[in-house]
Amino acid sequence: MTTLTTAPAPAPVAAPAPVAAPAPVAAPAPVAAPVHDVAPVLPVVGADTLVPLVDGRQVPYANLDVAASAPALEAVADRVTRVLPLYASVHRGAGYLSQVSTALYETARRTIGAFVGARDDDLTIVTRNTTDSLNLLAGCVPADPVTGEPGRVLVLDIEHHANLLPWQRVTDATVVTGGPSVAATLAEIEGELAAGVADGRPYALLALTGASNVTGEALPVADVVAAAHGAGARVVLDGAQLVPHRRFSLADTGVDYVAFSGHKTYAPFGAGALVGRRDWLDVGTPYLAGGGAVRRVRTTRTEWHEGPARHEAGSPNVVGAVALAAACDELAALDPRVAGEHEDALRRRLVDGLGALDRVEVVHVWDDAVDPVGVVTFTVSGYDPGLVAAYLSAEHGIGVRDGRFCAHPLLGRLGFDAGAVRASVGLGTAGEEVERLVAAVRSLVDEGPQARYDVVDGLWVVVDDPRPVPAGSGLEGLLATAALGADEAFGCLPDDL
Ligand code: PMP
């Protein structure tokens with residue numbers, strides 16, 4: 001048998017190297033200086049609340065868990081106090097105060113919509129929170145016009161469960177695994193959107209976080225909107241961590257819907273919002289069936305309202321809506337540069353201060369993310385995240401969050417299935433609180449915890465916790481079962497954290 005061989009191709013002649021200017025050497029990013037002197041941007045209620053430590057001292061509570069729930073702005077609490085004497089039923093009463101309360105509610109709706117740049121034809125629906133808003137929208141995604149199958153929704157695996165589970169339950173959801181960089185992740189999304197079009201099964205909606213509740217990072221909104229709209233899909237932003245931290249506008253960005261929570265926007269009075277395109281919402285399944293959502297009811301047939309009322313059955317939360325509107329007023333009046341610089345200074349100090357400690361790893365999704373919001377997640381090797389959080393509370397009076405942050409797919413992909421610790425800051429955070437955290441973690445790394453800790457029912461607690469329930473607050477009776485930490489009164493569902 002003859003073996004044919006081919007003559008080796010002549011070696012390519014290397015082109016002469018262009019005479020290049022010396023590559024600029026990237027200056028190392030400056031390490032953030034301590035932020036002891038950074039003052040809060042806006043006053044919040046409870047900023048000087050004292051909490052007990054296990055050694056018997058009392059210290060001001062350092063609330064570094066703002067991403068979970070932010071304290072009320074003082075201006076929000078003031079507005080609520082002024083509105084309460086006017087409180088009466090909304091949309092349901094002929095009495096004078098009912099009329100006033102209805103006007104307050106509808107004015108609040110307009111303020112909330114305007115704050116997120118609602119277009120003239122957008123609806124602003126007052127909900128309970130982001131979870132509620134996204135569940136509501138999930139019920140309104142149109143079915144495929146040809147097959148009648150549930151509409152297709154594309155989601156990234158970095159999402160909070162609130163922006164994952166509603167789509168999986170009600171729509172035809174596809175979860176895309178993000179790439180190692182922003183660019184790679186955008187390419188994944190574009191590829192999946194294009195595949196949907198090519199298969200004749202285009203996506204109706206792309207559901208994306210405006211800022212990750214784990215790392216504060218986000219994809220560039222303009223690129224996401226261009227990709228989605230180019231493939232005929234709409235975009236909903238989970239604005240839970242975005243809206244409290246950055247000026248955001250539906251009209252300016254072209255985003256179709258945004259969902260957010262009052263309790264993360266310095267207005268913890270039980271209201272949130274869904275704002276966006278009217279057409280789906282006007283014909284979608286009414287979110288709740290009940291009074292206020294209907295025009296006419298017969299025993300066999302119901303005519304539902306269009307507009308916000310369609311999805312707001314039951315007595316509206318006027319206090320919550322007024323509080324959220326008050327927060328929107330305050331945030332709108334702020335110079336966005338001042339707010340951004342404050343948060344950025346605190347965030348950079350957290351990243352650099354914690355990152356410089358032995359055994360501490362700061363979590364991020366992408367290397368090339370720009371402008372993350374003030375959320376920093378980390379681990380301390382050798383210490384369970386639950387123990388770190390319990391230690392910070394018991395020995396330093398610092399409140400953080402630990403666990404998997406209702407973002408199990410992301411934590412799993414990044415290799416943090418055992419969870420992590422999250423510190424988050426906002427407009428009411430002082431630099432001193434950030435410094436306390438950095439110092440406390442340093443002392444954990446150097447010396448270990450001073451108290452003894454154990455796991456009870458899946459939660460880390462101080463053994464024989466000596467901290468008393470808050471005394472003199474007048475709330476003692478309401479805290480009857482609160483042997484702090486150890487009792488189910490403060491327990492949550494550890495598996496779901
Ligand atoms: N999305 C993100 C990004 C969040 O951080 C949260 C709350 N942790 C939610 C959604 C859910 O918000 P809520 O609990 O107010 O419904």
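Treat the numbers as computed from the prediction; the structure is a model and nothing was measured. Start at 1 and go down the list; that is how both ligands and their atoms are numbered.
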A.B. asks: Please give the N or O to N or O pairs under 3.5 Å between ligand 1 and the protein, distances rounded to 0.1 Å.
C.D. replies:
from, atom 1, to, atom 2, distance (Å)
ligand 1, 1 (N), Asp238, OD1, 3.2
ligand 1, 1 (N), Asp238, OD2, 2.5
ligand 1, 5 (O), Gln241, NE2, 2.6
ligand 1, 8 (N), His160, NE2, 3.2
ligand 1, 8 (N), Lys264, NZ, 2.8
ligand 1, 15 (O), Ser261, OG, 2.6
ligand 1, 15 (O), His263, NE2, 2.6
ligand 1, 16 (O), Asn129, OD1, 3.3
ligand 1, 16 (O), Thr130, N, 3.4
ligand 1, 16 (O), Thr131, N, 2.8
ligand 1, 16 (O), Thr131, OG1, 2.5

A.B. asks: How would you list, by chain and number, every residue that makes a ring pair (Phe, Tyr, Trp, His ring centres under 6.0 Å) with Phe260, sequence neighbours excluded?
C.D. replies: none
A.B. asks: Return yes if some donor-acceptor pair links the side-chain N/O of Tyr105 with the main-chain N/O of His91 below 3.5 Å, else return no.
C.D. replies: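 No.
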A.B. asks: Under 4.0 Å between a side-chain nitrogen and a carboxylate oxygen: does that hold for Glu312 and Arg109?
C.D. replies: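 The answer is yes: the pair qualifies as a salt bridge.
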A.B. asks: Surrounding CZ of Arg246 (heavy atoms of other residues, nucleotides or ligands, distance under 6.0 Å), is the total greater than 12?
C.D. replies: yes
A.B. asks: Determine yes or no for a side-chain-to-main-chain donor-acceptor pair under 3.5 angstrom, with His311 supplying the side chain and Leu281 the backbone.
C.D. replies: yes
A.B. asks: Examine the side chains of Thr174 and Tyr203 and answer whether a donor and an acceptor come within less than 3.5 Å of each other.
C.D. replies: yes
